[in-house]
Amino acid sequence: MELQYLKNIRTAFNPAHIQIALDGTFLALPLTRTTAGVWSLQDLSFKPLELEGHRKTLRCMCFGHGSQPKYICTAADDYVIVWNIHLARQAVSKGNQVKGKVIGTTLGCIQYCSFSPDDKLVAACCENDVIILEIKNEKVLATVEGHTARLTGAEFCPHYTSTLVTISEDRTFKVWDISDFSLVYQSQIITASPFISMSMNIEKPQVAIGTADGQVRVYDLTDGNGFRCLHQLDVEKIVRKQKEKKFIEPQPSQGPVKISSRPSWKRPDQSEEVEIVSAEDEIETGSAILGLHFTYGSQNKSSNSSSSTPSFLRHENTLLNDLLDAAPMLCIGTTGSLLQINAKTLDVYKYFDLQDDILTDILDMETVVLNAAGSVYFSQGSSPDQIWCIVGSHFQNTVNVLQWKHAAIHKDEPDLASAMSAVSVTPQSSTEGGKVDSLQEGNSFEGITVLSNTPLLPNSALRSEMVKKVKEDPKAKKTKGATPKNKPGQMMKDQPITFHHKVKSSGYTETPRQTPMFKPQTNFSKSASSNSLVSHSSSSSSLGKSMDKTYPMKCDPPTECHCKIDVAERPTPINRIKFSDDGQYLATALSNKSGHVFKLPLGNKGFSCTGHNNNVNGISWSHDGNWLLTSSDDKSAFLWSKGQSDPNMCIKTVLHNMSTDKDTQKKDKDNVAFPKEVNFAQFYYMDKFILLTSGNTLYMYKYHLEQTKDDIKRYLSTSKYKQVTSLAIESQQITAASAVNDFYSCILHNSCCTY
C-alpha cells in the first residue's frame, strides 16, 4: 500500500487553527483546551501522556531535535512551558504530578514556536515579532522585530545553529543571526500571496518556503551565496496535470451511444448510459501549501568498500556516495493532495489526491475519503522508509494519522541508486534499424564504479561502430594480382596534371640569388654552438620536467600569477578551458565565436578554430590529443584536427549527415536541426563515440573521420556521423555532463535544472 490510514483522533478544537507537534516518534494534540496529549506512534491505541499546566487555550506545540532527553514546548496566552517527556512518563508511572519548566509568562498570542538545533533556545512568534527564549535560565534572550504583518513561521537552520529564518504574511522572509543579534538578510516582496509554511533541509543549508498560491521556493542559506533562489516549483500546475491524467475519456462501446444533457436522476436507465466525466466536475480544493518537510534517504552499503579496493574508488571517499544514497524527498501537503518530490531533480515521485479512497483495513477492504485538509504535517521517524503524515480536518475537530512509503527507498519507482547499480539506461529513440537498445543491461551489482566490471551485451549500443562502405566499380575486373590494362586500340583518358600531384616550380618567377650558392663557413665558434645546444637542451629538459611534476597535495593554494596572455585583441569572455591529456596544450572556448589553442608553457599565439556563428560554450580534447570538439550556441558542434583552422566534421542535425542530396534530405523529416543550443560536447568510450547535450536530451553518435580532401571541393567534408541513441529528461534541462574517456566506462553523470 502506498498510503495507509491508521487512526482518526478527536481534538478539543479545530486543528487547522493551531500548530501540531510531530517528530516521527511522538504526536502531540490538544486533548482539552488547556491540556496537551502526547501519543507514541509505535502504538496509537495506548493512552496518551497528559500535560496539564496552562490556564488558557493552547496555541502551538513543537518537539525538540534531540532524543535524550526529548523535549516538547507548549505555548498559550499565559505561559510558554517546556516539558521533558521521559521524566513526565516516569512521574506518571509513579503516580506523581507532571511538572514542566515555565520559560515565558504572558508574552501574548503565540502562533508558532520552534527549538534551536541544540535544544537550548525556543523561538516563539508573537504577532509581528519573534521572542527568543533561553530554556536554561528561563528568560527572554532577545526580541526580533521588522516584519509588517503577522508571522507564520520561524525555524533555526540545522547547519548554522545561530541562524534563524522567519516568514510572514507580508510576503517576505528574513535571516537573522542570534549570536550577533543582527539582521543578515531581508528579502523584497516576492509574491502576491503570503508565506504560510516552511521547512529546513537536513542535508544541505537550504530552506523551502510555501505560499498560498501553490508555489514552493527553495533558497540557499550558505554563507556568501546571497540567499539566492535555487528552485521554484509550481505545485498548482503539477496537481492540475496529475488530475488530468485521471480523467481520460472512456472508450465508447460497440453500437450506438446516447449522450444526454439531463441530470442523472432524470435518465431512464443509468446503467446503459455513458457518462462523460471531466476534471471540471471535481470539487475545487485549492492548492495552498499547508505543509513542507525534507526527508533523508538511506545510505547504500556497497561491497567494494573493502581494503582491497583502491581508496579513490571507494564510495565513502568519493562523490559517488551521494549518487548511491536514496534521494531525499520534499514532501508537500496542499488542501487537496499530497506529493513526494525528489529534492535534487524536482521529479514527482508520488502523488495522492485526498478525494481518492484510502484503505483502512486490508482484510475488510474498508476505505475512507478525507476530501480536504485544513493542516498537514510530515515527519520521518527512526525507520527511514516510512513517512508519518498528519492531516487535520478543515471542518471537524479531528486529525487523521497516515503512513506513507518513502518513494526513493521503496523500489516502486526506479531511483538513481537502483538505476546506476544496474548500469542500464533506456533510450528515448534509436536509429539502428528501429531497435530500442540500452547502454547496458543485465546483472545488477550492489555498488557503482566507473570501471566496467561486466561485459557488454550483444545488443548494447556501445558495440555500435561506423564502418565506411567502399564503392566498387561493377565494370572493373576482380582478377587477383593483375592490373587493369587498356584494350587494343583504346587510348588512355585524360588524367589531371596539377591536382593530387604537387609539381615543383621551376623558379623562374623568383628573384635571382645575391649570394653564391656554395659558400664555405670559416668562423666556427665552439662556445656559441655549445651554448646554443645547451640552452636548447636545457629548455626542453626543463619543459619536460615541468610537465612531469605533480602538484603537491599538502601545500598552500597558488597565489602568484605565473603567466598572463590575452586570448584576443579585444576583451573576450572565456567560457571554458581544457588541458590536453599529455599536458602540452591548453584549449579555450571563447565568446567571439571561436576556440583558441595554446602550446604550453604559454608564450606563443597558438592557433584559432573559427567557423561557429555564435558563442563557443564548450571545448574538449580527444584521448589521443589530436582532435578537438567544440559546442556552440548556434545549435551545432564542430570537430577539428589539431593545428587546422577548418573543421573536419560539422554536427548540425539530430540523426546523421549521410544524405547529401536535397531530395533525400526533404524526405528525411526526422533529421531536423537541434532544438536548442548545444551546451556540451565530449568524446566518449576511448574516442569511439561523441556525446552532445541540447535542451533536455543527451545524444550519442558514432562517426568516421576522412582526413583526405579533394583539392577542388575541399570545403566539403566527407566525414560522417550517425546517432546511436538519445536520452531525454522530463521537464528539465541538462546544464552539464561528464563521462570517462581515458578507459572504457559505462557511467555518465549529468546535472539538470528546471525550466
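Among residues two or more places apart in sequence or in another chain, the side-chain hydrogen bond (donor to acceptor under 3.5 Å, both in side chains) test is passed with Y219 by none. Taking F680 as the reference, nothing meets the ring-ring contact (aromatic ring centres under 6.0 Å, His included) condition, with sequence neighbours excluded. Judged as a salt bridge (charged side-chain N to carboxylate O under 4.0 Å, His left out), and not counting sequence neighbours, D119 has no contacts. Residues that satisfy the side-chain contact (heavy atoms from CB on, under 4.5 Å) test with I202, not counting sequence neighbours, are Y296. By the salt bridge (charged side-chain N to carboxylate O under 4.0 Å, His left out) test, K635 pairs with no residue at all, sequence neighbours left out. For N615, the side-chain contact (heavy atoms from CB on, under 4.5 Å) partners at least two apart in sequence or on another chain are N575, S591, D633. Applying the salt bridge (charged side-chain N to carboxylate O under 4.0 Å, His left out) rule to D356 yields the partners K246; only residues at least two apart in sequence or on another chain are considered. Taking the side-chain contact (heavy atoms from CB on, under 4.5 Å) definition, one finds that T166 meets it with V130, H147, L151, A154, L164, K174, W176, sequence neighbours left out. Every residue meeting the ring-ring contact (aromatic ring centres under 6.0 Å, His included) condition with F674, not counting sequence neighbours, appears here in chain and number order: Y699. For K139, the side-chain contact (heavy atoms from CB on, under 4.5 Å) partners two or more places apart in sequence, or in a different chain, are E134, N137.
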Hey, can you pull the donor-acceptor pairs under 3.5 Å for the side chains in residues 177-185, sequence neighbours left out?
unit_1: D177; atom_1: OD1; unit_2: S162; atom_2: OG; d: 3.1
unit_1: D177; atom_1: OD1; unit_2: S179; atom_2: N; d: 3.2
unit_1: D177; atom_1: OD1; unit_2: S179; atom_2: OG; d: 2.7

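The list of salt bridge (Lys or Arg N to Asp or Glu O under 4.0 Å) pairs with a residue in residues 13-28, not counting sequence neighbours, reads D23-K70.
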